[in-house]
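By convention in this document, chain letters (A, B, ...) are assigned in the order of the sequence lines, proteins followed by strands, and residues within each chain are numbered from 1.
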Amino acid sequence: MNAFDTITDAIVRDIPELRREDLAFAPPPKLDMGDVSLRAFEGAKKLSLKPPQLAARIAQEVSFGPEVAEARPAGPYVNFRLDRGAVGRRITAEIAAQGDAFGSLGLGEGVKALVEHTSINPNASPHVGRARNALIGDSLVRLLRFEAYDVEVHYYVNDMGRQIALLVLVCDDPKQMTFDDMLVRYVEANERAKADAEFAEQGYELLVRMEEGDSETKRRFHEVTDLCLQGQVAVLGRLGIHYDCFDRESDFVKDPRLEKVLEALRARGSLFTDEDERLVVDLQKLGHPYEEGRYFVLMRANGSSMYGCRDLSYTIDKLERGAALNLIVLGEDHKLYAQQLSLILEAAGYATPEQVYYAYILLKEGKMSTREGKVVLLSEFLDEATQRAAQKVQEQWPDLSPEDQQAMAEQVAIAAVRFAILRVNPTKNVIFEWESALSFSGDTGPYVQYSCTRIASILRKHGESLPSEPPSAFPVSEDAEWGLLLQLAAFPETVSAAAENRAVAPIAQYALETARKFTTFYHQCPVLTAETGELKMARLHLCQATLQVLKNALGILGIEAMERM
RNA sequence: GCGCCUGUAGCUCAGUUGGAUAGAGCAACGGCCUUCUAAGCCGUAGGCCGGGCGUUCGAAUCGCCCCAGGCGCGCCA
């Protein structure tokens, strides 16, 4: 499993007080200090020794196998000099054996997971801020599937509510409209509602009819929201984002399961009708610690339900599907709301989906706003990226057919867009800048892809396919080779940490670092013209292993590794 | 005002959950294509890790207090 098992085994055998999990390896800051380092902090704490004492003890008392040439204490670390060839051969052999599954610990074997993400209101084209939700969600799904979870992806279609009602009001004949028309109408409708109280009131009335289940009203809502949803899903599909289930909010009005929740709230004395005849939950009775956000309105005075009401039913519906892991990706503006929902669910004896939050993508001028036209739409972002990539492809591969050029350009564009958004921790506010977001050089998706094509090119020129097992003679002559091997060996722990933390950004960082280490190797170590046949074979296997790891990492990010670019 | 998130090179971001001399890219400057794809590489320069006090062998990382930005806080979703 671990590349350094022989070291670990020897230590726990000779110092039985230590266990495998007390022993953590790290690459040394400089490779001339050693081939790999063992940290003595954790073990020292356990044996109540000072780290340098334990390091010295390990170096002195443990008798290591032939793979360890030297074990030297260095302060709180033990630096090992290894038989790089023997260890390197084992690393590449393992990667070859596990192939597309290398890096997966199978954490989710036999576990059902339900992930809800995107869930944009069906009234606008997704902008890059919303795309952050979809991309994080989609990559989490890929990460969980990589760890063998059985994942079902849900998209909650908010096909109800005041804003949708207003949109429906101005869409007389949706059949004649396009997705883009609808976006224009949406803005108009909202402006009109602000100025025209009567129009706004009509919206509420329509909403009431919708809740009462009036079939004609329902049909109109569906027509409008379907068109929007199709437009949204088409844009997201270009990025490789797909869903298993579309759950309509309108299917959760007057849900019988809500009664059980209301019952529980009454029992806790937290449900009341306020002076304006609204049905309200006093969350303080359920343990909410602050005055702010204490009240949660479920029903309007006219008896129509608020968003949260339907969301409660929907969440219960998701919980009852029997997934052991229930995840939802939410904008950070939903934090308080999710806590409120969670208190109510808890009071009614339900669990709460685990939340993954992300912060907004801002413009230099400030927040994005669909209504004010201050947005970067995902579709225009993708178009621009594809166009720029196509230019580059045209220069690079003029003889390729236009179709192949286009396909190549799209893969590069998707890589650029997905990587630019995914590599940043979701808690960070990022400022969107066209120049850096559309860059194909430096810390980008295309850079990682480029490393893959270089490897593919070497393997192609070699001609014959490699034997599945690396040869027993496996020379490792340069630090660049060893550095790359160490990096490859770290993939499984990177993946499992990412899965446990529900974080996908570390995978992107890992892919970048791996690509950089490969490039160093590429420039320092000729493969096809290596000095000896043995060295050439070892390097070919190292190339193949690197390609496999990069493919697996990129797969989690939803990025294609290509043969050429 | 209260709560949550963020603050690291001029700019955009990493930093293996408290560990060795804080790392990349972009921008700038200087080099490298008869040599496996220059969407690349090498080099130079760039740091009070927002500020202060603490916790300990040891802090960018943990705690408290400030400062700045983002988000949220009763008939929007």
Side-chain angles (χ1 to χ4, degrees), chain A residues 24 26-30 33 37 39-41 50-52 74-77 79 119 121 123 158 160-164 204 249 274 276-281 289-302 304 306-308 310-311 331-337 339-340 357 359-360 362 366-367 389 392-393 395-396 412 416 420 423-425 427-431 433 435-437 439-444 446-447 449-451 453-462 490 493-494 497 501 505-506 508-510 512-513 516 519-520 522-529 539 543 564-565:
Chain A
K30 290 263 161 61
M33 300 167 76
S37 304
R39 302 152 40 90
F41 303 104
K50 294 203 163 151
Y77 293 87
N79 290 331
S119 302
N121 295 344
N123 55 18
N158 301 135
M160 284 201 61
R162 198 181 82 93
Q163 303 198 4
I164 304 297
Y204 281 116
E249 182 184 350
D274 73 0
D276 297 320
E277 299 295 312
R278 296 173 296 193
L279 188 66
V280 182
V281 186
Y290 309 104
E291 190 60 29
E292 294 76 21
R294 172 178 173 179
Y295 298 106
F296 190 86
V297 178
L298 288 176
M299 303 269 197
R300 298 186 178 91
N302 69 2
S304 66
M306 297 275 291
Y307 176 81
R310 288 160 253 141
D311 204 10
E332 65 174 353
D333 52 334
H334 281 62
K335 266 188 186 174
L336 175 61
Y337 170 77
Q339 277 168 30
Q340 293 173 324
Y357 291 106
Y360 278 156
L362 307 170
K367 204 180 159 182
K392 184 89 189 174
V393 170
E395 292 164 18
Q396 208 81 7
V412 173
R423 83 183 186 98
V424 180
N425 276 328
T427 50
K428 285 218 185 201
N429 273 126
V430 305
I431 308 218
E433 277 166 17
E435 315 87 69
S436 57
S439 169
F440 299 150
S441 56
D443 286 355
T444 64
Y447 173 79
Q449 285 180 312
Y450 188 61
S451 302
T453 62
R454 281 175 150 177
I455 298 172
S457 175
I458 291 173
L459 296 174
R460 205 164 44 234
K461 290 204 165 135
H462 174 62
E493 57 196 72
T494 305
N501 295 329
Q509 296 298 339
Y510 175 86
L512 257 188
E513 191 55 38
R516 272 194 222 112
T519 307
T520 304
Y522 178 86
H523 284 278
Q524 284 176 20
C525 307
V527 177
L528 298 176
T529 58
R539 287 179 176 169
C543 283
R564 297 164 219 269
M565 66 184 273

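- Between the side chain of A:Ser37 and the base of B:rA20, at least one donor-acceptor pair of N or O atoms lies under 3.5 Å.
- As a whole-Å value, the separation of A:Phe296 CZ from B:rC76 C1' is 12 Å.
- Proximity of A:Ser457 to the phosphate of B:rU37: a side-chain N or O atom is located under 4.0 Å from OP1 or OP2.
- The base of B:rU17 sits within donor-acceptor range of the side chain of A:Asn501, with an N or O pair under 3.5 Å.
- Using a 4.0 Å heavy-atom distance criterion, A:Met565 is classed as a base contact.
- Put simply, the side chain of A:Asp311 never gets that close to the backbone of A:Tyr307: no donor and acceptor are under 3.5 Å apart.
- In this structure, B:rU17 shows a glycosidic angle within 90 degrees of zero, which is the syn conformation.
- Residue contacts for A:Arg516: at a heavy-atom cut-off of 4.0 Å it reaches the sugar-phosphate backbone alone, with no base atom in range.
- Base orientation of B:rG40: anti (glycosidic angle beyond 90° from 0).
- Side-chain N/O atoms of A:Asp333 and base N/O atoms of B:rA77 include no donor-acceptor pair closer than 3.5 Å.
- Base orientation at B:rC33 is syn, since its O4'-C1' glycosidic dihedral falls within 90° of 0.
- Taking atom CD on A:Glu332 and atom P on B:rG70, their separation rounds to 11 Å, with Å as the unit.
- Ion pair A:Asp276/A:Arg300 not flagged as a salt bridge, since none of the NZ, NE, NH1 or NH2 atoms sits closer than 4.0 Å to an Asp/Glu carboxylate oxygen.
- Within 4.0 Å of A:Tyr337, counting heavy atoms only, lies at least one base atom of the nucleic acid.
- Closest to the side chain of A:Tyr450, out of B:rA77, B:rA39, B:rC4, is B:rA39.
- Counting any heavy atom pair closer than 4.0 Å across all strands shown, A:Gly161 reaches sugar-phosphate atoms only and no base atom.
- Interface remark: the A:Glu292 side chain does form a donor-acceptor pair with the B:rG1 base, using a distance-only criterion of under 3.5 Å.
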